[in-house]
Structures are given as C-alpha cells and as structure tokens.
Amino acid sequence: MTLRIERIPTLKDNYTYLLVCEESGEAAVVDAPEAEPVVRRVEALGARVVKLLSTHHHPDHSMANPELAKRWGVPVLGHVSDRARLPGFSDGLEEGDRVELGSHTARVLFIPAHTRGHIAYVFDRARAVFCGDTLFAGGCGRLFEGTPEMMFDAMAKLGALPGDTRVFCGHEYTESNLRFAAHVEPENAAVREALERARARRAKAAADWHDATPDEMTVPTTIADEHATNPFMRAKTAAELGARRAAKDRF
Ligand SMILES: [Zn+2]
C-alpha cells in the first residue's frame, strides 16, 4: 500500500517528483521541466508512467510535458483553465476531482494565487501534498496572477490538511525562506531550529543541483512544520500576508 516518492532535482533548484504505487507498479510524474533526468530515474526504477501531473503552467515546471507525454503515450493533467497555456495539456481538473494512481487516489485542491490555474494534489492515504509554487517550505510563491486574499485562502486550505501530511513543493528555497522567517519572527524558536537544520543540509550541497542527494534536500517538510515556521501560513489576515509577501520580494 506504499506510495514511493522519488525527488528528482531538475534545472537549478526545481523539484520533479516520481510517484510509484508499489502494488500496481503504476507511476506518475509531477512537474517535469526537463526530460532527461526524469527518464533516467524512471528507467532505473523500471517504473511504468501512466500520467503526468502539473501543478501550474510555468515553463520551469512543465516544459518537458509534451516530450514525456509522447514518449510514454500518457495524458497531461492540469487545471481546466490552463487548457490553452499548459504545455502538453490533455485532461482538465477542477477542485474536488480525483486522480487515480494504482491503489492510491489524489484529491485536487484549487489554490489560485501564484497563478490563476494553480492546483495541488493531495494523496490522503500516503499523507503527501504536491503543491508546486503555492506553499514552499518556510515560504509561499510570488503573487504573479493573484491577490494576498487568494494566497491567504490557499494557505488556509493547505493548512487544514492533517499535520503529518508531507509537503512536497516546487523548489529548494527553504534556507532563504527561513532566513526571511527569522527576520519576521526573531523570537520564534521553531524558525531558528528549522533554519539551522536547513543550513546544515544545504552545506552539503553538490556543485550541480542535478547531482543533489537526499542528504542535502530540505523537502519534504510537514503541514505541522509549516504552521510552526512559515510566516505566510502564520499570517493572521490577508493584509498581514500581503505585507509579508511585499517585504519578502525586497528581502
Ligand atoms: Zn511558478
């Protein structure tokens, strides 16, 4: 009943995820900007990819969709509103839709803010959420197409997941996010401890992110960790979130 989750480092600091249902052997790829490292990992595991899942349309998360879809003859899933701009788009999803992967099921959360078609995939039984560039470890995505109110709602929706849900986000931004978190809440001991842990891991970083090993990765965290440390999830109002987002843009 295990959902195996492989973290594949792509581009400069992106995370691509390979999910394998160990019962059925069915696999899915979340957010693929480049094909080669993904194909290599899929072949090393002998996984059988049956679908590509996109959180949003930005090229650094989706550029390899068409090539991978063609290689494996599989659909590309994304929010229905991104039909015209998500590379390789084939199947539209909306809030509450379910995505099957072998014996596992993901629920779709619609969380527009970073982009207006952003979604997350929640695997309840495996206690894992794939949230792209909306919620990061210690931070949140930039508001390219949404408002602070929309990001506040997205934080509330993700924050309502069980505390032990693992957060698989779209980039390795944790150390810089937590430096900002420590600036916002200098008295928050949980932030200080998380920053120390992130620094220790990032000190082992390979010169090329493509060569990164799990030792240097700070992702996943958990929803409980984010409640304790993330200044955007901890914002009490949309206005407070908006002020923090604007300050982070200049930090
Ligand atoms: Zn993005």
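Numbering of ligands and ligand atoms starts at 1, following listing order. Since the structure is predicted, the reported quantities are computational estimates derived from the model, not experimental observations.
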From the list His118, Arg142, His61, side-chain hydrogen bond (donor to acceptor under 3.5 Å, both in side chains) with Asp133 holds only for His61
Result for side-chain contact (heavy atoms from CB on, under 4.5 Å) between Asn230 and one of Val167, Leu135, Asp225, Leu158 points to Leu135
- Task: Salt-bridge test for Arg244 and Glu240: reply yes if a basic N is under 4.0 Å from a carboxylate O, no otherwise.
- Result: yes
- prompt: Is any NZ, NE, NH1 or NH2 atom of the basic residue among Glu6 and Arg4 found under 4.0 Å from an Asp or Glu carboxylate oxygen of the other?
  reply: yes
- Would one find an N, O or S atom of His61, in either backbone or side chain, under 2.8 Å from the Zn ion (ligand 1)? no
Looking at Asp133, the N, O or S atom sitting nearest the Zn ion (ligand 1) is OD2
Restricting His58 to its N/O/S atoms, the closest one to the Zn ion (ligand 1) is ND1
